[in-house]
Amino acid sequence: MGNESNNGKVPLISKIAYGFGDVGCNFSWMFVSNFLMIFYTDVFGISMAAVSALMLFSRFWDAINDPIVGGLTDKTHTRWGRYRPWLLIAAPITAILLVLSFWAHPDWSNTAKIIYMVITYCLLVLGYTCVNIPYGTLCGAMTQDIDERAKINTSRSVSAMIAIGIINIVTVPLISKLGSSSAKNGYLLVAIIYGCIFAACHFFCFAKTKEQVVIPEKEKISIKVQLKAVMQNKPYLLALVGQVLFGFTLYGRNADILYYFTYVEGNASYYTTYSMCIIIPSIIGAACFQPVFRKLNNKGRTASIFALFTGIAMLAMYFFNVKESPVVFYTLAGITQFFFSGFNTAIYAIIPDCVEYGEWKTGLRNDGFQYAFVSLGNKIGMAVGTALLAALLGKYGYAANQTQNSAVIAIMKHAFSTIPGILWIVTAIVLFFYRLNKKRYNEIVEDLKKGKDDSNSVKNQRDLLNDFYRRNIDEFESITEYVDDGHTGTDANREDFQRLLADVMSGKINCVIVKDLSRFARNYSDAGSLIDNLFVQMGVRFISLAENVDSYKNPDSVSNIIVPITNVMNEFYARDTSRKIRSVFKSKAPKGQAQADC
């Protein structure tokens, strides 16, 4: 858990700069997702089967590099912070890789084309990962204030929607203008322009943002331990499933969209008109995330509502087309984009909050590692969506720059409307079960802050217990912390102690771990009754670290003479301390001296 200055408030220029980071990301990745597939098939002359195989193969590559890059960002230590230096270094390299990826060589042999495609695309994906993971993680490092994070992500989403709108409107005519009669030259020159914009936006983001949340130094934690911690983070797992569905739906449809307008509607220029109709709804929808979130106080439920209406509007688009019903078609397109933009803001606003939840739940904070799996989940969805589209188009006889058969036309039409519409509704159902609302999140942040401010006794116990858990993580499914800081161990009615007993009685937990017996109960009869009777009856394992007691691994340790002796000593110590305090009060009272309420 870290400290932050300025009460968590982020300057306006930093919010704007962070938004520009996503402008840069979209001038790279949205250009790739919307145009690269049709560039490969219709300009470079690569088969649909090869493109489909590449999309799937690249995800194995992502599965390796995403967690590695995420872990490396968490271990980065510079005077600029953990995440910002990656933007400075990786952005210009990625810009060069973007240009190389859109450099067509249609006269090469099929084998040479495929090798070039695989190498440049995999390097581009790696470069983008080195920018996007630290960029996405940076939001959580700028503040822990949930409302400020919502504003930062709104700035990000509004900026992204503007960038996407510009890309979609200008790219097709820009390719034609710059390339004259050569689409190959047009794509290359556009890639050079977009690569420069990509790098410049991330330089600006680097210069005007600051990492306010300072993460304390920690020992090296294995990937296995981090994965185990992630699996206990239920809000994060829901967000991860949402990201997989999001990637599948968004990028699968984006890969199809230019094919749809070119071959189903009969004119690629309709895509520019379509893009002009959705840019304003995109910006308004992104800005509407905050008021809807303020009403619901739950980012997951907010994303769920936006996803639901995105799906409904997209399903309706199946029944209309540009030629016969242009007004209805473009109106539905604007409505779809309005709700999609709200969802896009909400889904990325969820992730930083899940980091705090994970730290509170497991004692382990791993921002970059968690964002890496979000990125991987999104890319897996993208790979499956685009690969499936390419495979189906190839199977049913797609022919580049030719009139398509009825089966191919049907695939393009359904990939544009009904299939993503249904998947958006599924996404809405998944995220409806996200339960980390604003009130609970603020309580968690306060608990984490209290963890820094509570007594050294509690802090030391927490450190010892967390260390024991990490060293023996394979033995436990999940952990829950029970703390009664400031309450005497002789009081069996303290709140969290009673919550622990209730969880034991209900069968919710089957193991209790304490630093030492005095931290469990200083009343001999209570401690003995619980350890010897209740825990045995309920099948609960009891571990006390200081006395080396473990009722499962070493049952004799519980009945060892040191346990009852220790309990008696703890009870005597508590009574003796209480007697001494009362005698001090009695001596002060006749003298009129102040007495603190204990």
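None of the values given here were measured: they were computed from a predicted structure. Below, each value reflects all heavy atoms present in this structure, side chains not excepted, and no hydrogens, waters or symmetry copies.
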Working note: Leu388 + Phe248, criterion side chain to side chain contact (heavy atoms under 4.5 Å, CB included); need CA distance, chi angles, decisive distance, verdict. CA-CA 10 Å; Leu388 185 59; Phe248 182 90; 4.2 Å; yes
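- The SG atom of Cys122 sits 11.0 Å away from atom CG of Leu97, with the distance rounded to the nearest 0.5 Å.
- Ser14 places no side-chain N or O within donor-acceptor distance of the main-chain N or O of Val10, the cut-off being under 3.5 Å.
- Within 6.0 Å of atom CZ in Phe20, 12 or fewer heavy atoms from other residues, nucleotides or ligands are found, so the atom counts as exposed in its surroundings.
- Under the salt bridge (Lys or Arg N to Asp or Glu O under 4.0 Å) criterion, Arg149 pairs with Asp353, Glu356, not counting sequence neighbours.
- The aromatic rings of His105 and Trp103 are tilted relative to each other, their planes meeting at an angle between 30° and 60°.
- Summarising the geometry, atom CG belonging to Leu100 is positioned 7.0 Å from atom OG1 belonging to Thr120; distances are rounded to the nearest 0.5 Å.
- Taking the centre of each ring, Phe306 and Phe343 stay at or above the 6.0 Å mark.
- Aromatic rings of Phe293 and Phe289 (six-membered ring for Trp) have centroids within the 6.0 Å cut-off, being under it.
- The closest donor-acceptor contact from the side chain of Lys113 to the backbone of Pro106 lies under 3.5 Å.
- Taking the six-membered ring where the residue is Trp, Tyr40 and Phe44 present tilted rings, their angle falling between 30° and 60°.
- A tilted orientation is assigned to the rings of Tyr274 and Phe329, their planes being inclined by 30° to 60°.
- Listed by chain and residue number, Glu148 satisfy the salt bridge (Lys or Arg N to Asp or Glu O under 4.0 Å) test with Lys15 (two or more places apart in sequence, or in another chain).
- Residue Ala255 comes nearest to Met37 through the heavy atom pair CB-SD, 3.9 Å, listed as atom of the first residue, atom of the second, then distance.
- Environment of OH in Tyr396: sparse, with no more than 12 heavy atoms of neighbouring residues, nucleotides or ligands closer than 6.0 Å.
- A heavy-atom distance below 4.5 Å is not found between the side chains of Leu389 and Met55.
- With ring centers used as reference points, His202 lies under 6.0 Å from Phe198.
- Classified by interplanar angle (parallel below 30°, tilted 30° to 60°, perpendicular above 60°), the ring pair Phe261/Tyr271 is tilted.
- Using the six-membered ring where Trp is involved, Trp424 and Phe246 have ring planes that are tilted, between 30° and 60° apart.
- Rounding to the nearest 0.5 angstrom, the gap separating the OH atom in Tyr187 from the OG1 atom in Thr171 is 9.0 Å.
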I'd like to know whether Asn153 forms a side chain to side chain contact (heavy atoms under 4.5 Å, CB included) with Cys139, so could you lay out the CA-CA distance, the side-chain angles of the two residues, the decisive distance to 0.1 Å, and finally the verdict. CA-CA 8 Å; Asn153 277 285; Cys139 174; 3.4 Å; yes
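- For Phe102 and Phe31, the gap between ring centers is short of 6.0 Å.
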